[in-house]
Chemist: 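Just dropping this structure here.
Hydrogens, waters and symmetry mates play no part in the numbers below; they use all other heavy atoms, side chains included.
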Protein chains: 2
Amino acid sequence: MKQQGKKKATIYDLSILSGCSASTVSAVLNGTWRKRRIKESTAELIQNLAEQHQYTANLQARGLRNSRSGLVGLLLPVHDNRYFSSMAQTFEAQVRSHGKCPVVVSASRDPREEIATVETLISYSIDELFVAGATDPDSIHTLCEAAGIRHINIDLPGTKAPSVISDNYQGARMLTEAIIQRFDPADPLKPEELFLFGGRNDHASRERIRGFRDIKSALLRMDTDACIQPTGYSPNMTQKAFEAFYEREGKLPRGLFINSSINFEGLLRFMAQHPHETFADIVVGCYDYDPFGSFLAFPVIMIRQDSESMLAKAFELIEESRPAVKIHLIPPELVHPRTALNGPLDSIRDVDA
Amino acid sequence: MKQQGKKKATIYDLSILSGCSASTVSAVLNGTWRKRRIKESTAELIQNLAEQHQYTANLQARGLRNSRSGLVGLLLPVHDNRYFSSMAQTFEAQVRSHGKCPVVVSASRDPREEIATVETLISYSIDELFVAGATDPDSIHTLCEAAGIRHINIDLPGTKAPSVISDNYQGARMLTEAIIQRFDPADPLKPEELFLFGGRNDHASRERIRGFRDIKSALLRMDTDACIQPTGYSPNMTQKAFEAFYEREGKLPRGLFINSSINFEGLLRFMAQHPHETFADIVVGCYDYDPFGSFLAFPVIMIRQDSESMLAKAFELIEESRPAVKIHLIPPELVHPRTALNGPLDSIRDVDA
DNA sequence: ATTATTTGCACCATCGATTGTGCACTCAAG
DNA sequence: CTTGAGTGCACAATCGATGGTGCAAATAAT
């Protein structure tokens with residue numbers, strides 16, 4: 001790649017060209033020139049020069065001076081699933097509409113990586129940080145607080161900063177109930193046929209498990225916890241859990257509560273290894289929404305977490321000077337099988353053809 | 001959010017604490033101290049102080065001085081689909097392994113937004129830029145070149161910078177052929193039953209259409225171009241195209257070549273409006289891979305674009321001092337129905353449970 | 001005409017890190 | 001004792017933008 005290119009123009013270049021001082025140029029170009037009582041004609045002169053020479057401010061210099069960067073961060077566990085990627089999409093739009101620059105990074109649900117990533121972001125003087133699905137929101141809080149950075153938890157709550165999360169308990173109740181009721185009353189689901197797969201020991205999983213357990217107890221019967229199989233957030237671990245179950249029982253449970261779309265991918269991997277008939281009669285409830293997942297051959301009931309509302313609430317809170325450290329629950333939505341919902345992409349105009 | 005927090009420590013603070021000059025502190029902390037013949041004991045002293053006071057460098061200041069930031073950018077059209085989100089995931093891992101900081105941003109396939117976004121990135125002195133799926137790679141090239149920023153096109157080629165793209169022509173040939181051959185020889189697909197939906201007038205779409213057309217001519221017969229329906233990259237437009245078709249013909253074509261998973265979502269939306277039976281006999285080929293898409297009730301043949309290889313090649317090229325401005329084709333992979341491939345998430349360890 | 005205001009802008013320190021230059025000191029060789 | 005080489009570090013300029021302060025010229029008030 002050619003490394004030449006005549007060094008981007010600076011306010012000093014424009015200062016010489018215009019015969020004004022650099023501070024005048026700066027004031028004109030950052031909009032504070034009226035406040036500084038710069039003549040309109042001077043402003044125009046400089047603006048024209050800036051345009052001719054394609055001036056753009058060096059944002060690192062500005063950020064250094066202001067100790068703010070105009071960057072707003074979103075920390076994700078992973079990019080590669082619909083829940084988080086649509087959150088990223090919404091986040092970008094929101095941040096842009098506030099005139100800031102969105103920065104989305106992922107940290108693989110690894111506490112060390114999370115800390116390191118946040119430290120890096122802080123070193124760039126990001127202005128605000130949205131922490132989504134962090135394994136350790138409270139240590140992130142400590143870092144942010146020391147640096148004086150406004151921050152907020154999304155999806156997984158912390159105890160030291162305000163949090164906006166999905167109402168996992170209610171969502172799990174709705175989902176569990178929908179799974180059970182999906183069965184023909186003539187041949188209803190039996191307690192030993194309803195299992196939960198996926199998740200781990202995080203707040204979201206615990207709440208979902210609690211909702212699952214409560215509804216299962218109420219509508220069917222809750223015997224032991226054998227029907228709850230946390231497998232982590234990994235397709236492969238989930239697949240192995242299904243394989244193990246199938247090995248033991250010779251079939252899958254008819255009713256499946258799957259903790260997330262990532263775990264659902266584990267079921268897909270299992271399915272790829274087994275004949276179609278193995279799934280003739282199953283009903284899946286998945287705590288996440290994926291449009292393709294909704295149209296599989298068997299009934300898939302999904303929960304769409306309302307990341308738009310979550311982000312909207314988060315933006316609202318982060319603007320407050322001293323938001324209460326509390327958890328805000330956003331109700332998710334039950335999505336019946338074969339439903340194609342609109343997503344953030346729908347607000348993008350796609351002209352031409 | 002509390003705005004206090006005792007201002008992060010700087011080299012000047014450590015300079016006072018250690019009794020050394022700021023330049024010595026700087027040298028010690030950025031690793032150049034041997035070159036500057038600093039005593040080992042001095043280095044240790046300063047390193048300990050740095051640790052005690054949780055010093056981290058202000059990267060904006062460093063970037064300003066060096067006119068490099070340590071940031072590497074990836075510009076995407078959108079986050080919210082599996083192709084691009086998995087590209088983002090792979091990109092992050094690669095950039096991190098080079099000791100840099102990944103920045104992923106999307107620009108909605110809007111040329112203006114692309115330009116504005118790239119200008120912002122340049123203003124932060126990003127070191128390198130990967131431009132994926134840009135509508136207007138050549139104007140982006142102009143910007144980058146003026147700023148002396150190494151850059152490379154991915155997914156959609158430009159004429160002024162090296163490009164790494166998927167071999168859309170070959171991929172489309174494979175996909176078209178696989179669709180046709182999926183049908184029972186006893187009741188083969190007829191020319192008027194094979195349609196292409198989606199895409200627009202970009203390089204990828206044109207190549208895919210060319211591949212589609214060539215194979216269709218060779219194996220069936222290519223009459224008019226009525227069987228090619230570019231609908232843009234929008235689920236809704238695609239849905240409307242299907243509705244219109246259905247309105248006219250009373251059914252869908254039995255063989256469908258769908259240009260991308262985004263367009264495939266348009267088919268889902270159509271499906272949500274119509275009874276199951278409408279799709280009893282269709283075969284879909286989709287130029288994109290989505291694990292859930294692969295397991296739908298009808299056969300879905302997919303193309304997985306090898307974004308890992310594309311990125312690997314792109315990283316290789318961008319390191320070269322003067323890479324040739326040519327297009328590198330990366331062969332994609334045909335994915336048979338009901339296949340669950342591994343993705344970038346599989347390389348993430350998910351401990352605990 | 002003289003003093004008081006207002007207008008228009010230049011000057012300079014500052015943000016934090018980097019780096020070329022050079023000075024003072026130690027130690028050994030002559 | 002002088003010279004030369006090497007050691008260890010400090011100084012100061014620099015990256016580009018910002019904003020407080022102050023000063024001269026233009027205009028208004030008396």
Chemist: What integer distance in Å separates B/Arg68:CZ from D/dG16:C1'?
Modeler: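 Answer to the nearest Å: 18 Å.
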
Chemist: Could you give the OH-to-C1' distance, from B/Tyr124 to D/dG16, as a whole number of Å?
Modeler: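 Spelled out: OH on B/Tyr124 to C1' on D/dG16 is 14 Å.
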
Chemist: Under the criterion side-chain contact (heavy atoms from CB on, under 4.5 Å), which of A/Phe84, A/Tyr83, A/Tyr233 is the partner of A/Pro77?
Modeler: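 Testing each of A/Phe84, A/Tyr83, A/Tyr233 against A/Pro77, the sole residue satisfying side-chain contact (heavy atoms from CB on, under 4.5 Å) is A/Phe84.
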
Chemist: Closer to the 5' end of DNA chain C via nearest nucleotide, is it B/Ala61 or B/Arg36?
Modeler: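 Nearer the 5' end of the strand: B/Ala61.
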
Chemist: Return the value, rounded to whole Å, for the distance between atom CH2 of B/Trp33 and atom P of D/dC9.
Modeler: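 Answer to the nearest Å: 10 Å.
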
Chemist: Let me know the distance between CD of A/Gln60 and P of D/dT18, rounded to the nearest Å.
Modeler: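 Distance check: A/Gln60 CD to D/dT18 P gives 14 Å.
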
Chemist: Begin from the C-alpha positions of B/Glu113 and A/Arg96 and carry the test salt bridge (charged side-chain N to carboxylate O under 4.0 Å, His left out) through to its verdict.
Modeler: CA-CA 10 Å; B/Glu113 185 91 41; A/Arg96 287 243 171 72; 3.3 Å; yes

Chemist: What heavy-atom pair brings A/Ile46 and A/Cys20 nearest, and what distance separates the two atoms?
Modeler: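 So the minimum-distance heavy-atom pair works out to CD1-SG, 4.0 Å.
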
Chemist: Check whether any side-chain N or O of A/Asn66 sits under 4.0 Å from OP1 or OP2 of D/dA17, and answer yes or no.
Modeler: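 For A/Asn66, the contact criterion (side-chain N or O under 4.0 Å from OP1 or OP2 of D/dA17) is not met.
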
Chemist: Check whether any side-chain nitrogen or oxygen of B/Asn30 sits under 4.0 Å from OP1 or OP2 of C/dT18, and answer yes or no.
Modeler: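 Yes, within the criterion.
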
Chemist: If I take atom CG in residue A/Leu64 and atom C1' in nucleotide D/dG19, what distance separates them, rounded to the nearest angstrom?
Modeler: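 Distance, rounded to whole Å: 14 Å.
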
Chemist: Any side-chain N or O of A/Tyr12 below 4.0 angstrom from OP1/OP2 of D/dT18?
Modeler: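 The answer is no; no side-chain N or O of A/Tyr12 sits under 4.0 Å from OP1 or OP2.
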
Chemist: Do the charged groups of B/Lys160 and B/Asp138 touch, with an N to O distance under 4.0 Å?
Modeler: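 No, this pair does not count.
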
Chemist: A/Lys39 has a side chain; which of C/dG16, C/dC9, C/dA17 sits nearest to it?
Modeler: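 Among C/dG16, C/dC9, C/dA17, the one nearest the side chain of A/Lys39 is C/dC9.
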
Chemist: At less than 4.0 Å, is any side-chain N or O atom of A/Ser21 found next to OP1 or OP2 of C/dC9? Yes or no.
Modeler: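 No, outside the criterion.
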
Chemist: Does any N or O donor sit under 3.5 Å from an N or O acceptor when you compare the side chain of B/Arg65 with the base of D/dG16?
Modeler: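 There is none.
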
Chemist: Using only heavy-atom distances, decide whether a donor-acceptor pair under 3.5 angstrom links the side-chain of A/Arg37 to the base of C/dG8.
Modeler: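 Under the 3.5 Å cut-off, the side chain and the base do form a donor-acceptor pair.
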
Chemist: Tell me whether the side-chain N/O atoms of B/Arg62 come closer than 4.0 Å to OP1 or OP2 in C/dG16.
Modeler: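 For B/Arg62, the contact criterion (side-chain N or O under 4.0 Å from OP1 or OP2 of C/dG16) is not met.
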
Chemist: Starting from C1' on C/dG16, measure out to CG on B/Leu14 and report it in whole angstrom.
Modeler: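 In whole Å, C/dG16 C1' lies 12 Å from B/Leu14 CG.
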
Chemist: Between atom CG in B/Asp13 and atom C1' in C/dA17, what is the gap in whole Å?
Modeler: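 One finds 13 Å between C1' of C/dA17 and CG of B/Asp13, rounded.
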
Chemist: Separation of A/Ile38 atom CD1 from C/dA10 atom C1', in whole Å?
Modeler: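 Going from A/Ile38 (CD1) to C/dA10 (C1'), I get 10 Å.
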
Chemist: Is the A/His151 ring parallel, tilted or perpendicular to the A/His141 ring (thresholds 30°, 60°)?
Modeler: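 Ring orientation of A/His151 relative to A/His141: tilted.
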
Chemist: With respect to the phosphate group of C/dC9, does any side-chain polar atom (N or O) of A/Thr24 fall under 4.0 Å of OP1 or OP2?
Modeler: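 So the side-chain polar atoms of A/Thr24 never come under 4.0 Å of the phosphate oxygens OP1 or OP2 of C/dC9.
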
Chemist: Classify A/Thr10 by what it touches in the nucleic acid, base, sugar-phosphate, or nothing, heavy-atom distance under 4.0 Å.
Modeler: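 A/Thr10: backbone/sugar contact only, no base atoms under 4.0 Å.
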
Chemist: What heavy-atom pair brings B/Ser125 and A/Asn58 nearest, and what distance separates the two atoms?
Modeler: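 Between these two residues, the closest heavy atoms are OG-ND2, 4.5 Å.
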
Chemist: Remember a base hit wins even if backbone is also touched, and classify A/Thr42 as base, sugar-phosphate or nothing at under 4.0 Å, heavy atoms.
Modeler: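 Sugar-phosphate only.
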
Chemist: Counting only distance, no hydrogens or angles, is the base of D/dC11 paired donor-acceptor with the side chain of B/Ser23 under 3.5 Å?
Modeler: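 Yes, the side chain and the base share a sub-3.5 Å donor-acceptor pair.
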
